[in-house]
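I have placed the structure first, in the form of structure tokens, so that the comments after it can refer back to it.
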There are 2 protein chains.
Amino acid sequence: MSKNPLNDLGSSLGDYLREQRQSAKLSLRQLSELAGVSNPYLSQIERGLKRPSAEILQQLAKGLEVSAESLYVKAGILDEDTVTERPRSDVRRAIAEDGQLTARQKATLLDVYESFVGTPAATPKTRRSTTSKAGTKTPQKEK
Amino acid sequence: MSKNPLNDLGSSLGDYLREQRQSAKLSLRQLSELAGVSNPYLSQIERGLKRPSAEILQQLAKGLEVSAESLYVKAGILDEDTVTERPRSDVRRAIAEDGQLTARQKATLLDVYESFVGTPAATPKTRRSTTSKAGTKTPQKEK
DNA sequence: GCATTCTGCTAACTAGAGCAAGCACAATGG
DNA sequence: CCATTGTGCTTGCTCTAGTTAGCAGAATGC
């Protein structure tokens, strides 16, 4: 199924885009016009030769009438869990994801909370409550 | 001829980043090391001179221990509605629904939280976008 | 037959993200 | 007093995202 033998760049996104475009009965030029990107570039994106920025993905999503988030997930810049998952309200998580608190305030607040309910006992080492898993599939190439 | 060489590239993101970094008591170099980006670049991002990609934002989020989504919103590549709409990761709500805290503890915790972010003066935000963003994707694009 | 107009793709180029090296200044402390 | 180490910032460079111009082939019609 992997039609890309050694295409190092993420291909799932390109495949998905081409799929969406074709099922929408749009040509490369049509979509490129709709999305406001050049058609050769779109072609290269679909074949996995270039990695589009979030801005471009946004425009493509608009042209394709799909949610930008779904493209972000495919592009690996958004974790699928953060989109689909619907966690019960968890104080720790809510604190971690809060947009107004500073990092220090978060630490303080979490401290207070855990002074009440205790720290997660099952974890001997201080388990980092990272906001997103981050380490899942982020193939950064160090060069 | 308005000399506007260094156009302010929407420095709200930069301001936010610097704010977060400083309240986390991190120097430019410390955070840049943590996030795996160069320190001059981070400096330029914070001053709004450069516009970081989503990948960089992801790494910065990890280093700052904030959610990547919040940075995306600040950077303008994610709509705030799409974030606030989902799990409703609201600290107040999470505290209220917590099963372990006593009522008194809840009041205390909420007090601390509001000492940080302030009490909700008016309506926080009730605006709901009307467009279909129901699930993750709704590609009804059959012609 | 040959023009036209689609389709997607290649080539060459420009702009800007992101980097390493190094600068100026403040605070330590020997 | 000067050496060291910390802070943020400037310079100059590389690499790639994203562009415009143009190419080869499949369908139309004349």
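Chain naming here is simple, since letters A, B, ... match the order of the sequence lines and numbering starts at 1 in each. Since we're looking at a predicted model, the values are computed, not measured.
The side chain of B:Lys50 lies closest to C:dG18 when the candidates are C:dG18, D:dG18, C:dA20.
Computed from coordinates, the A:Gln44 CD to C:dG8 P distance equals 14 Å when rounded to whole Å. Rounded to a whole Å, the CG atom of A:Leu42 is 10 Å from the C1' atom of C:dG8. What separates CG of B:Leu13 from P of C:dA17 is a distance of 12 Å, to the nearest Å. The CD atom of B:Glu55 sits 13 Å away from the P atom of D:dT16 (whole-angstrom rounding). Atom pair B:Ile45:CD1 and C:dA17:P shows a separation of 9 Å (rounding to whole Å applied). Between A:Leu57 atom CG and D:dA17 atom P there is a gap of 12 Å when expressed in whole angstrom units. In this structure, A:Arg51 places its CZ atom 17 Å from P of C:dA17, rounding to the nearest Å. Taking atom OH of A:Tyr41 as the reference point, atom C1' of D:dG22 lies 20 Å away to the nearest angstrom.
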task = Check the pair A:Asp79 / A:Val73 against side chain to side chain contact (heavy atoms under 4.5 Å, CB included), numbers first and verdict last.
result = CA-CA 6 Å; A:Asp79 191 2; A:Val73 170; over 6 Å; no
- Message: Assess the residue pair A:Leu28 and A:Ser32 against the criterion (side chain to side chain contact (heavy atoms under 4.5 Å, CB included)); give the C-alpha distance rounded to whole Å, side-chain angles, the decisive distance to 0.1 Å, and a yes or no.
- Response: CA-CA 6 Å; A:Leu28 267 173; A:Ser32 70; 5.9 Å; no
Could you write out each protein N or O paired with an N or O of nucleotides 4-8 of chain D at a distance under 3.5 Å?
| residue | atom | partner | partner atom | Å |
| --- | --- | --- | --- | --- |
| D:dT7 | OP1 | B:Ser27 | OG | 3.0 |
| D:dG8 | OP1 | B:Arg21 | NH1 | 2.8 |
| D:dG8 | OP2 | B:Leu28 | N | 2.6 |
| D:dG8 | N7 | B:Arg29 | NH1 | 2.9 |
| D:dG8 | O6 | B:Arg29 | NH2 | 3.1 |

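The shortest distance between side-chain heavy atoms of A:Phe116 and B:Thr102 does not fall below 4.5 Å.
Side-chain atoms of B:Arg104 and B:Thr108 form no donor-acceptor pair, as typed in the model, at a separation below 3.5 Å.
Contact check on A:Glu33 versus A:Arg29 returns no salt bridge, with no Lys/Arg side-chain nitrogen under 4.0 Å from an Asp/Glu carboxylate oxygen. A salt bridge links B:Arg92 with B:Glu114: at least one charged nitrogen is closer than 4.0 Å to a carboxylate oxygen.
Nucleic acid contact for A:Ser53: sugar-phosphate only, since backbone atoms but no base atoms lie under 4.0 Å from a heavy atom of the residue.
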